[in-house]
Amino acid sequence: MTIRVLIVDDSALVRSVLAEVLSGAPDIEVVGTASDPLIARERIKQLNPDVLTLDVEMPRMDGLTFLDNLMRLRPMPVLMVSSLTEKGAEVTLQALELGAIDFVTKPALDVRAGLEGYAELLRDKVRAAARARPRGRTGTPTAPQPLQRPRSLRTTERIIAIGASTGGTEAIKDVLALMPADAPAIVISQHIPAMFSAPFAARMDRSSAMSVCEAADGQQIVPGHVYIAPGNAHLLVVRSGARYHCRLSDAPPENRHRPSVDTMFRSVVDNVGANAVAALLTGMGEDGARGLLALRQAGAHTLIQDEASSVVWGMPGAAARLNAAERTLPLDRIASQLLEWTQ
């Protein structure tokens, strides 16, 4: 099946390069381009694309306003094209909250070389978006109340490890929103660029009763806190006596990713073992599947997000094929299961 793509960007150069890069794949057809959302609205009606690439900052109507309207009136897979800046990161995270499937970053210098440099990743993200399940918007969601902490919770011994990729920023938010303030410590590896991980951690901190931060090298891991891997660094869990600490590594990417979920999960196997509880959430590719299997074999409780609630069932699906998960659950039941296993 050929994936029909509409490119929406106010830069003629970016439109040209994106069209050239995407059209280089035999299974992708760029059916049209638009320089602003008002033109895009008409092109969507005329061309009925499978996937939309959408610039964050555009004239006449900003990308977020257009995306919000689109996800309410005609939900479809949207891939955001974002600038690699602090402002670009914040706006892109808002776009993911509004229903965008994923994003790619637009290089600040030499746009052509930068976009061509990760042509295959860009094509893979378009393919994943075409298979994804866009979340329509029906109004302002109500904030969930955190779950009650189970009795006899062994917070000092237990660590919860979570991995995610495409769709993960919102899936993680949903899980953390249900965690009580005194839950066991949580370590998270989400595939995300360096400029985006600190704003992502700050957003998670605002929506969770737990204290959420971007992990720092040597930081002690304590209950009630969440540690998110910085973009472009692997997050490892290490043990010193009875205490756990974060260790950041600039080792080569694994499964094309740094941070890598597999890298983090293996460190949890080595240093936490059967006291760990792990979840692999929505994401493109297979990162984390083998690490989750190693955790299960080490005696840890493991689960994956089910296909119906995943934006992309790549990583959880790969884990399912390896029989790495003890349970397969919808997103809204994952937090309660993680807590139950930490008793």
Side-chain angles (χ1 to χ4, degrees), residues 2-71 74 76-96 98-130 132 134 166 191-197 199 231-232 256 284:
T2 301
I3 302 165
R4 295 162 51 82
V5 180
L6 175 65
I7 295 169
V8 186
D9 199 294
D10 66 333
S11 164
L13 174 61
V14 172
R15 292 198 302 273
S16 171
V17 174
L18 283 175
E20 189 178 312
V21 167
L22 293 176
S23 298
D27 58 335
I28 299 174
E29 178 189 2
V30 176
V31 295
T33 64
S35 57
D36 68 52
L38 300 186
I39 297 172
R41 193 166 56 193
E42 297 308 312
R43 296 274 159 84
I44 290 169
K45 294 175 189 174
Q46 296 164 2
L47 301 169
N48 193 30
D50 300 310
V51 175
L52 195 74
T53 74
L54 179 63
D55 189 14
V56 168
E57 300 171 35
M58 287 183 297
R60 295 217 284 174
M61 181 189 294
D62 69 86
L64 287 183
T65 301
F66 177 65
L67 179 66
D68 190 25
N69 292 336
L70 185 69
M71 300 316 284
R74 191 195 186 282
M76 65 179 296
V78 176
L79 186 66
M80 302 303 294
V81 180
S82 165
S83 57
L84 198 55
T85 64
E86 192 170 330
K87 182 186 175 188
E90 190 57 46
V91 174
T92 302
L93 291 168
Q94 290 178 47
L96 295 173
L98 289 172
I101 299 296
D102 202 353
F103 66 95
V104 292
T105 53
K106 187 165 31 178
L109 301 171
D110 200 347
V111 171
R112 176 174 290 277
L115 288 172
E116 289 174 346
Y118 53 75
E120 200 49 50
L121 176 63
L122 182 59
R123 292 166 186 161
D124 283 346
K125 290 199 174 203
V126 166
R127 293 180 184 113
T166 314
H191 298 160
I192 202 164
M195 186 67 72
F196 287 62
S197 50
N232 205 33
R256 296 200 308 188
M284 179 176 74

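Predicted model only: the values in this text are computed from it and were never measured. Quick note: residue numbers are just sequence positions, from 1.
Of the possible donor and acceptor atoms, one in the side chain of T92 sits under 3.5 Å from a partner among the backbone N and O of G88. Proximity of a side-chain donor or acceptor of R123 to a complementary backbone N or O of V21 within less than 3.5 Å is detected.
In this structure, S82 OG and D102 CG are separated by 11.0 Å, a value rounded to the nearest 0.5 Å. H191 NE2 to T166 OG1: the interatomic distance, rounded to the nearest 0.5 Å, is 8.5 Å. From L93, atom CG reaches atom CZ of F103 across 7.0 Å, with rounding to the nearest 0.5 Å. Here I7 contributes atom CD1 and R43 contributes atom CZ; the two are 12.0 Å apart, rounded to the nearest 0.5 Å.
Using a 4.5 Å heavy-atom threshold, the side chains of V8 and L6 count as touching. Residues P193 and N232 have side chains not in contact (no heavy-atom distance under 4.5 Å, counting atoms from C-beta outward). Side-chain contact between K125 and V104 is present, with heavy atoms from C-beta onward closer than 4.5 Å. Side-chain atoms of V56 and V81, non-hydrogen and from C-beta on, never get closer than 4.5 Å to each other. A 4.5 Å side-chain heavy-atom check between V78 and L70 finds at least one atom pair inside the cut-off. In this structure, L79 and V126 have side chains that are in contact, with non-hydrogen atoms separated by less than 4.5 Å.
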**OP:** Applying side chain to side chain contact (heavy atoms under 4.5 Å, CB included), run through M80 and L67 and close with a yes or a no.
**Re:** CA-CA 10 Å; M80 302 303 294; L67 179 66; 4.2 Å; yes
**OP:** Please step through side chain to side chain contact (heavy atoms under 4.5 Å, CB included) for the pair E29 and V5, ending with a clear verdict.
**Re:** CA-CA 6 Å; E29 178 189 2; V5 180; over 6 Å; no
**OP:** Go through R127 and D27 one step at a time and tell me if the side chain to side chain contact (heavy atoms under 4.5 Å, CB included) criterion holds.
**Re:** CA-CA 9 Å; R127 293 180 184 113; D27 58 335; 2.7 Å; yes
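For R256 against L121, the heavy-atom pair with the smallest separation is NH2-CD1, 4.2 Å. Counting all heavy atoms, side chain and backbone alike, P77 lies closest to A129 at CB-O, 3.1 Å. Nearest approach of S23 to A19, heavy atoms of both residues: OG-O, 2.7 Å. Here the closest non-hydrogen pair linking F196 and A89 is CE2-CA, 3.4 Å. Of all heavy-atom pairs between D10 and D55, the closest is OD1-OD2, 3.0 Å. The shortest heavy-atom contact between P134 and M71 is CB-CE, 3.8 Å.
Look at R15 and D9 and you find no salt bridge, because none of the NZ, NE, NH1 or NH2 atoms lies under 4.0 Å from a carboxylate O. Salt bridge absent: K87 and E90 never bring a charged side-chain N and a carboxylate O closer than 4.0 Å.
Between the side chains of T65 and D62, at least one donor N or O sits under 3.5 Å from an acceptor N or O.
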Table please: side-chain donor-acceptor pairs of residues 44-54 below 3.5 Å, with sequence neighbours left out.
from: N48; atom 1: OD1; to: R74; atom 2: NH2; distance (Å): 2.4
from: D50; atom 1: OD2; to: R4; atom 2: N; distance (Å): 2.7

